[in-house]
Amino acid sequence: SIKETTEFRKQVVEDVLEVYPEKARKNRRQHIAVKDEGCASCAVKSNSKTVPGLMTARGCAYAGAKGVVWGPVKDVVHISHGPVGCGYYSWGNRRNLAEGEIGVDNFVPFLFTSDFQESDIIYGGDKKLETIIQEAVDLFPNANGVSILSECPVGLIGDDIESVSRRMSEKLKLPVIPVRCEGFRGISQSLGHHIANDAIRDHLLGKGPAREVGKYDVGIIGDYNIGGDAWASKKILEEMGLNVVNIWTGDSTLEMLQNGHLVKLNLIHCYRSMNYIARHMEDTYGTPWMEFNFFGPTKIRESILKIAAQFDDYIMEKAQQVLAKYEPQMQKVIETYRPNLDGKSVMLYVGGLRPRHIVGAYEDLGMEVTGTGYEFAHSEDYEKTLPALKEGTLIYDDVTAFELEEFVMKLKPDLVGSGIKEKYVFEKMGLPFRQMHSWDYSGPYHGYEGFPIFARDMDMAINSPTWKSIKAPWAK
Ligand code: ICE
């Protein structure tokens, strides 16, 4: 029964935390919960410092600012400012796709780094920064701007990237944007999102070429086009009769960042990374915003109707046509894959949005989410999550490598959905796994284009015959 399951999972939590010293156990206890009847003890502490010594999967402010928000702006040269590692290891693996001529008007696939050496740390890197901004613009004359993403040492040695940026911006007649996203700031990539939002607000927003706002103009905020997600979302909105003029930031241009407020409505997919700027655009320019979710046909339907309700009868009629056109196709996808997936369970661990946003897509396939958690969500994210979960679901915030492994071994899900740091741990245990950050070289997963791919991938992972011939070496 549900009650027994809930009690069992509560006991699992106690057992797993048992190994920690008392102080660490007390801390971690607050970050883990099992959804119980009436949510008597569902509260999960979040957005707080990781206990030193515990293995976290979190990233840093630089990851949030460069990797997440700024990196997908394609006509801007993004300089990873500092030692080579941060730029190198964040190069190309988020799979945020962008159209355009590589090296001409699309610099997303490139890595630009100031490659700090000892001498730069000792004598300062401002001169070098000036030189490489000039070099980058000489080499790529179509670049519409330059962003400077600080790595830790830049902040530690007190470099003044703001004044270099100001000088070079005047000289080159281009936006040169300093982003003070040193990795040590904050406790996760979440502050990096905020810093990146603030840099857009301070340096670009409202400073673009003026344009008229059409009555069906909308922006997509917080879809980073992972494996083509934003293109799949855009397609639905356009078929509804809406005009997608901005995407922040997936396949984006500098102009889109300047004119994000010039729409009738901003549609937010990733609330966690972009709520700051959405609120700012509303407060300053009166641009309204609302959240939506394009994962799986149930959530897509809800979102399409909610979005259309903000417009007129014409859009509502088109929205109904979109539903009528695609839902039978989605039903076919469900008929194909549901028999293979019905009743299977999945445990998730992702960043700041997906642990709640993808629940509906799994449920469309008959699967059950038995555990989920975020790396860096805030309390409002957990509040939005709880209603989406079944009673008995295990919830873990900033789960440690040890805890997640133990939880998985005890709950025995049919599938784990998490990131690259988790993938091989579970695959070596003989457990089906899908990367739910990068979609494992696949995608898109958003929209009507994405759902058939998502369904196929989950089936492929769970029902691959290879699992039958895999045994962990120690289990043989
Ligand atoms: Fe938002 Mo990985 Fe994107 Fe979310 Fe964010 Fe990150 Fe991507 Fe993950 C992201 S912006 S990079 S939807 S930082 S997959 S919160 S952790 S769940």
Side-chain angles (χ1 to χ4, degrees), residues 46-47 56-73 89-97 108 149 181 183 186-197 200 220-230 232-233 247-252 267-278 291-295 299 348-362 369 372-378 380-382 384-385 388 396-399 404 417-423 434-447 450 454:
S46 60
N47 194 29
T56 177
R58 281 173 164 175
C60 65
Y62 163 86
K66 186 265 186 179
V68 173
V69 177
W70 279 87
V73 184
Y89 288 109
S90 63
W91 181 18
N93 45 31
R94 188 156 168 261
R95 304 189 63 249
N96 40 278
L97 306 186
V108 168
L149 289 309
C181 57
I187 53 162
S188 70
Q189 51 270 66
S190 186
L191 187 64
H193 302 146
H194 200 155
I195 291 167
N197 278 222
I200 296 171
I220 300 176
I221 306 269
D223 188 329
Y224 301 91
N225 207 30
I226 310 303
D229 280 340
S233 300
I247 301 176
W248 283 26
T249 54
D251 194 22
S252 300
L267 298 166
I268 308 236
H269 212 246
C270 178
Y271 175 87
R272 181 68 273 131
S273 59
M274 287 275 190
N275 75 85
Y276 318 98
I277 198 79
E291 288 179 72
F292 75 112
N293 180 357
F294 272 179
F295 276 108
K299 290 293 161 193
L348 302 170
Y349 181 56
V350 213
L353 172 82
R354 294 173 178 175
R356 69 170 174 279
H357 250 199
I358 54 187
V359 171
Y362 281 110
V369 176
T372 193
Y374 297 94
E375 290 176 24
F376 50 81
H378 299 205
E380 61 215 279
D381 298 300
Y382 283 98
K384 290 169 198 274
T385 308
Y396 29 77
D397 175 71
D398 186 23
V399 74
L404 186 59
S418 192
I420 189 69
K421 300 195 264 322
E422 294 78 24
K423 181 180 173 80
R434 287 299 301 191
Q435 277 197 73
M436 298 311 284
H437 296 256
S438 67
W439 311 146
D440 259 322
Y441 327 103
S442 183
Y445 283 176
H446 289 180
F454 170 80

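The figures here come from the full heavy-atom set of this structure, side chains too, leaving out hydrogens, waters and symmetry mates. Both counts, for ligands and for their atoms, begin at 1 and track the order of listing.
Side-chain atoms of Thr249 never come within 3.5 Å of backbone atoms of Pro72 as a donor-acceptor pair (strictly under, hydrogens ignored).
No hydrogens or angles considered: a donor-acceptor pair under 3.5 Å links the side chains of Thr56 and Asp398. Side-chain contact of Tyr445 with Arg434: a donor-acceptor pair under 3.5 Å is present, judged by distance alone. In this model, a donor atom of one side chain and an acceptor atom of the other lie less than 3.5 Å apart for His378 and Ser190.
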Check your understanding: How far apart are the C-alpha atoms of Val68 and His193, what are their side-chain angles, what is the distance that settles it, and do they pass the side-chain contact (heavy atoms from CB on, under 4.5 Å) test?
Key -> CA-CA 7 Å; Val68 173; His193 302 146; 3.8 Å; yes

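Aromatic rings of Tyr374 and Tyr382 (six-membered ring for Trp) have centroids within the 6.0 Å cut-off, being under it.
Under 4.0 Å from any atom of ligand 1, one finds heavy atoms of residues Val68, Arg94, His193, Tyr224, Cys270, Ser273, Val350, Gly351, Gly352, Leu353, Arg354, Phe376, His437.
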